[in-house]
Amino acid sequence: MIKSIFDWLKQPLGLIAVGITVLTLFSVAAYGIYTTQQAPEQPIQFPHQTHVAFGIQCLYCHPGASKGPAAGLPSQAKCWACHNQIAKTETSALLAPLKEAVLSGTPIQWVPVAQVPDFVQFNHRAHIAAGKNCEDCHGDMSKVTIAQNPQVFNMGWCLNCHVESAGEDHEKLVKLSDCGTCHY
Amino acid sequence: MATLSDLKISEVKLGEEHTGKWGMVIDQDICTGCQACVAACAMENNLSFVGEEDSGYGRSMHWIRIERFWEGEYPEVKMTPNQPMMCQQCGSATCEPVCPAFATVHSQAEQLNLQVYNRCVGTRYCANNCPYQVRSFNWRDYERPEPLPNQLNPDVTVRRRGVMEKCTFCIQRIHKAQDKAKSEGREVVDGEFTTACAQACPANAITFGRVDDPESMVSQLAKRSHGVKHLEELGTLPNVTYFKGG
């Protein structure tokens with residue numbers, strides 16, 4: 001039985017069938033990996049570069065970063081404070097979901113882009129206080145539309161910076177390389 | 001062959017070198033055994049609800065438990081004072097050297113025994129080696145029916161199946177207090193924060209603080225002569241002091 005299947009596969013038609021199967025599997029896998037590298041679908045195609053170009057600070061929309069663990073994503077009320085004074089808001093198709101959210105009072109479901117796993121306890125405040133700038137981790141927002149991660153947020157990347165910033169200070173190195181600083 | 005008394009001498013020397021950082025004092029004489037600390041700990045630290053069936057297999061999960069013992073022969077049985085038991089945050093912990101994955105390690109910064117959930121592979125060796133039997137293992141992903149997920153503490157990891165866990169001395173509160181103090185440009189003040197169990201205790205039987213600070217409440221209390229550290233003869237250098245019959 002098995003021998004007859006192998007014999008069929010060895011003839012030209014069989015080889016073509018094997019080739020097609022291998023190619024299909026390879027392209028499905030490649031497409032699967034490609035999709036994991038894409039920015040998630042957002043309710044509004046928010047243009048970061050336009051807002052940065054107007055001189056709006058990161059902390060205006062993400063004020064939590066200087067105060068606590070989470071930077072926060074703005075509610076539609078924050079967007080509306082500026083946008084209800086802008087004539088284009090009424091006509092732009094891009095801004096239609098914002099207008100609808102404000103009129104109906106339903107929150108905009110932003111999809112967080114920069115995330116760490118549940119077992120990592122990250123605190124924005126400590127990093128801002130240590131003199132880190134937003135773009136050091138999140139990349140240059142004046143160049144992107146939807147936020148994208150310039151690198152993978154993994155532990156090696158975190159620790160590199162922790163060890164570097166501790167420098168010669170042994171006490172600081174102990175604190176910054178301690179498992180319990182981020183994992184609990 | 002080394003006898004137990006030889007062992008004790010070497011461990012006393014070890015003990016003299018040891019200074020912990022965070023410690024606890026528990027007064028068993030005023031503990032009423034009300035279990036408020038057990039409930040508070042479970043809420044603070046996102047403990048799973050194991051349920052009746054698995055509890056029957058001895059798989060119940062608590063980071064703190066109230067132990068009860070009895071003295072004397074029937075019918076003159078007398079209960080000893082309630083004994084809250086949690087991780088003693090040993091200075092020389094027996095759980096640490098046996099972990100093959102280095103998931104339970106000693107924090108040099110906070111002098112606590114850490115359990116790193118993402119490293120844990122679930123051999124349960126640490127729990128078997130703990131003389132206080134205070135570690136609990138996630139045998140399953142226990143269900144949290146709605147609306148219970150809403151009360152999860154965002155500062156604490158929700159553990160998965162196959163991971164060991166134990167009392168952390170509420171390290172999330174330690175970090176929060178340190179972060180707050182740092183943002184205000186000062187040191188953490190004694191009594192500024194406490195663990196969930198100590199906060200919930202209606203009798204104030206549990207006191208938490210810095211044992212390396214001689215001025216702190218916990219150091220002052222630990223000076224009382226009848227303080228006992230459990231299973232100290234094993235050389236574990238526990239950081240919890242118990243008072244009984246004072």
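In the displayed structure, B:R65 atom CZ is contacted under 6.0 Å by more than 12 heavy atoms of other residues, nucleotides or ligands. Atom CE of A:M141 has more than 12 neighbouring heavy atoms from other residues, nucleotides or ligands inside a 6.0 Å radius. Taking a 6.0 Å sphere around CD of B:E184, one finds it holds more than 12 heavy atoms contributed by other residues, nucleotides or ligands. Within 6.0 Å of the NZ atom in A:K78, the count of heavy atoms belonging to other residues, nucleotides or ligands exceeds 12. More than 12 non-hydrogen atoms from other residues, nucleotides or ligands lie less than 6.0 angstrom from CD of B:E67. Annotation: B:F102, atom CZ; neighbour count of heavy atoms from other residues, nucleotides and ligands within 6.0 Å does not exceed 12. Other residues, nucleotides and ligands contribute only 12 or fewer heavy atoms inside 6.0 Å of the CD atom of A:Q57. Around the OH atom of B:Y125, the shell of radius 6.0 Å holds no more than 12 heavy atoms that belong to other residues, nucleotides or ligands.
For the pair A:T181 and B:E110, the minimum side-chain heavy-atom distance is 4.5 Å or more.
Looking at every heavy atom in both residues, B:D155 comes nearest to A:Y184 through O-CE1, 3.2 Å. Across every non-hydrogen atom of A:Q121 and B:P154, the tightest pair is OE1-O, 3.7 Å. B:V158 and A:D118 get closest at one heavy-atom pair: N-OD2, 3.0 Å.
At a 4.5 Å heavy-atom cutoff, B:T168 makes no contact with chain A through either its backbone or its side chain. In this structure, chain A has a heavy atom under 4.5 Å from the side chain of B:R119, while its backbone stays farther away. For B:Q178, the part sitting under 4.5 Å from any heavy atom of chain A is the side chain, from C-beta outward, and nothing else.
When B:V105, B:N45, B:V156, B:I174 are compared by the number of non-hydrogen pairs under 4.5 Å with chain A, B:V156 comes out ahead. Per-residue counts of heavy-atom pairs under 4.5 Å with chain A were compared for B:L112, B:I171, B:D179; the largest is that of B:D179.
Identified by a heavy-atom distance below 4.5 Å to chain B, the contributing residues of residues 157-180 of chain A are A:V174, A:K175, A:D178, A:C179, A:G180, in residue-number order.
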